[in-house]
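These notes concern the structure reproduced below.
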Amino acid sequence: MPVKAVIAPSILSADFGALAADASRVLDLGADTLHVDIMDGHFVPNMTIGAPVVASLRKHLPNAFLDCHLMVSEPERWVQDFAKAGANNFTFHVEAHADPAALIDVIHAAGMKAGVAVKPGTPVEKVIPFAEKADMILIMTVEPGFGGQSFMAGVMPKVEVLRKQFPDLNIEVDGGLGLNTIEAAATAGANVIVAGTSVFGAKDPGAVIAGLRAAVDSKY
């Protein structure tokens with residue numbers, strides 16, 4: 001099946017005082033999913049939110065696809081909590097688990113899709129063995145841990161390698177994506193686009209979402 005564009009605004013850049021309303025607005029403006037960044041202050045040097053916030057989002061947005069990206073140590077500890085909270089996708093870092101294939105099975109058994117993420121400094125070869133078992137591979141285009149960083153074009157060869165080997169794979173990119181960087185990501189083969197500041201901080205978020213989608217669609 002040919003890949004399609006998936007635009008996933010990151011709620012890390014939303015107004016947490018009006019999170020459900022902000023999230024609902026970008027979905028109404030054309031976003032496909034919501035990207036939920038979970039940080040534990042250990043695997044990355046920042047803390048954000050956990051399963052209770054995901055459960056609250058699910059209550060207010062029963063039909064939204066919640067793409068949860070866990071930048072945490074011991075991700076296996078949190079699979080059941082996020083499944084119960086209503087997460088649709090559980091992405092963990094290949095650097096954070098000794099047996100990614102086994103964890104993918106646990107995530108699938110809990111009723112969620114499974115993603116495997118890789119930091120900018122980690123070779124793409126670390127995730128290739130799991131590309132067919134996972135539902136998605138996430139190539140970080142910034143160092144995980146903080147929003148608002150600049151896009152790292154130097155990791156695009158990782159995306160190119162994955163797209164060449166796995167034409168139907170959902171390849172997600174996360175970090176510094178906006179209308180001025182999407183062309184590089186789309187040309188490399190990314191189809192799932194996480195965008196935080198460029199969407200939630202835009203005067204016209206709908207136009208940004210449409211522009212990101214058009215750039216990806218033009219490659220397929």
Side-chain angles (χ1 to χ4, degrees), residues 1 3 6 8 10-12 23 32-59 61-141 143-145 158-159 161-163 165-166 168-175 190-194:
M1 175 183 291
V3 297
V6 177
S10 170
I11 67 166
L12 187 62
D32 301 290
T33 69
L34 294 172
H35 188 80
V36 184
D37 288 306
I38 312 298
M39 306 179 194
D40 64 356
H42 185 262
F43 182 74
V44 293
N46 198 7
M47 296 180 69
T48 54
I49 59 176
V53 174
V54 173
S56 293
L57 279 173
R58 176 56 68 216
K59 178 181 177 180
L61 302 167
N63 299 317
F65 187 98
L66 302 179
D67 169 21
C68 296
H69 173 200
L70 279 82
M71 290 164 272
V72 304
S73 302
E74 301 181 80
E76 68 278 4
R77 292 178 55 194
W78 308 109
V79 172
Q80 299 306 323
D81 284 355
F82 278 85
K84 291 176 184 176
N88 299 100
N89 181 83
F90 184 108
T91 293
F92 65 95
H93 272 262
V94 70
E95 302 92 351
H97 200 270
D99 191 350
L103 184 51
I104 290 169
D105 286 338
V106 171
I107 295 165
H108 284 161
M112 296 180 289
K113 293 184 180 296
V116 184
V118 60
K119 291 181 178 182
T122 301
V124 71
E125 287 76 15
K126 294 289 186 181
V127 293
I128 284 176
F130 316 110
E132 292 183 325
K133 191 178 187 71
D135 299 286
M136 182 173 69
I137 299 295
L138 166 55
I139 301 296
M140 291 299 299
T141 48
E143 289 294 338
K158 294 181 183 180
V159 177
V161 167
L162 286 173
R163 180 57 68 216
Q165 292 193 36
F166 307 101
D168 299 329
L169 177 66
N170 278 322
I171 303 174
E172 185 171 56
V173 285
D174 179 3
N191 69 297
V192 184
I193 311 300
V194 177

Evaluate Asn89 against Thr33 for side-chain contact (heavy atoms from CB on, under 4.5 Å), listing each step before the verdict.
CA-CA 10 Å; Asn89 181 83; Thr33 69; over 6 Å; no
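- A side-chain N or O of Asn191 and one of Asn170 form a donor-acceptor pair less than 3.5 Å apart.
- For Asp135, the salt bridge (charged side-chain N to carboxylate O under 4.0 Å, His left out) criterion is met by no residue, not counting sequence neighbours.
- Rounding to the nearest 0.5 angstrom, the gap separating the NZ atom in Lys158 from the CD1 atom in Ile128 is 11.0 Å.
- Among residues at least two apart or in separate chains, salt bridge (Lys or Arg N to Asp or Glu O under 4.0 Å) pairs with a member in residues 102-112 are Asp105-Lys133.
- Of the possible donor and acceptor atoms, none in the side chain of Glu95 sits under 3.5 Å from a partner among the backbone N and O of Thr122.
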Taking it one step at a time, do Met39 and Leu12 satisfy side-chain contact (heavy atoms from CB on, under 4.5 Å)?
CA-CA 10 Å; Met39 306 179 194; Leu12 187 62; 3.7 Å; yes
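- In terms of heavy atoms, Val159 sits closest to Ala190 at CG1-N, 3.4 Å.
- If you take CE on Met71 and CD on Glu143, they are separated by 12.0 Å, rounding to the nearest 0.5 Å.
- Here the closest heavy-atom approach between residue Leu103 and residue Pro75 is recorded as CD2-CG, 3.8 Å.
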Pair Phe82-Leu70, side-chain contact (heavy atoms from CB on, under 4.5 Å): steps then yes or no
CA-CA 10 Å; Phe82 278 85; Leu70 279 82; 3.8 Å; yes
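- Inter-residue side-chain proximity for His69 and Asp174 is flagged as met; some heavy-atom pair is nearer than 4.5 Å.
- Donor-acceptor pairing under 3.5 Å is recorded for the side chains of Asp37 and His35.
- With sequence neighbours left out, Lys59 forms a side-chain contact (heavy atoms from CB on, under 4.5 Å) with no residue at all.
- The backbone N or O of Asp67 lies less than 3.5 Å from no partner atom in the side chain of Asn88, so there is not a single donor-acceptor pair.
- No donor-acceptor contact under 3.5 angstrom links the side chains of Thr48 and Asn46, judged on distance only.
- To the nearest 0.5 angstrom, Asp40 atom CG is 5.0 Å from Ser73 atom OG.
- Looking at every heavy atom in both residues, Ile107 comes nearest to Ala114 through CG2-CB, 3.8 Å.
- Summarising the geometry, atom NZ belonging to Lys126 is positioned 15.5 Å from atom NE2 belonging to His93; distances are rounded to the nearest 0.5 Å.
- A perpendicular orientation is assigned to the rings of Phe92 and His97, their planes being inclined by more than 60° (bins at 30° and 60°).
- Atom NZ of Lys119 sits about 14.5 Å away from atom OG1 of Thr141, to the nearest 0.5 Å.
- When every heavy atom of Ala83 is checked against every heavy atom of Ala110, the shortest pair comes out as CB-O, 3.7 Å.
- Thr91 places no side-chain N or O within 3.5 Å of a backbone atom of Val116 that could act as its donor or acceptor partner.
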Can Val3 and Arg163 be said to form a side-chain contact (heavy atoms from CB on, under 4.5 Å), step by step?
CA-CA 10 Å; Val3 297; Arg163 180 57 68 216; 3.8 Å; yes
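- Side-chain contact between Ile49 and Ile38 is present, with heavy atoms from C-beta onward closer than 4.5 Å.
- For Val118 against Pro123, the heavy-atom pair with the smallest separation is CG2-O, 4.1 Å.
- To the nearest 0.5 Å, atoms CG (Leu34) and CG (Leu66) are separated by 6.0 Å.
- Across every non-hydrogen atom of Phe130 and Ile104, the tightest pair is CB-CD1, 4.0 Å.
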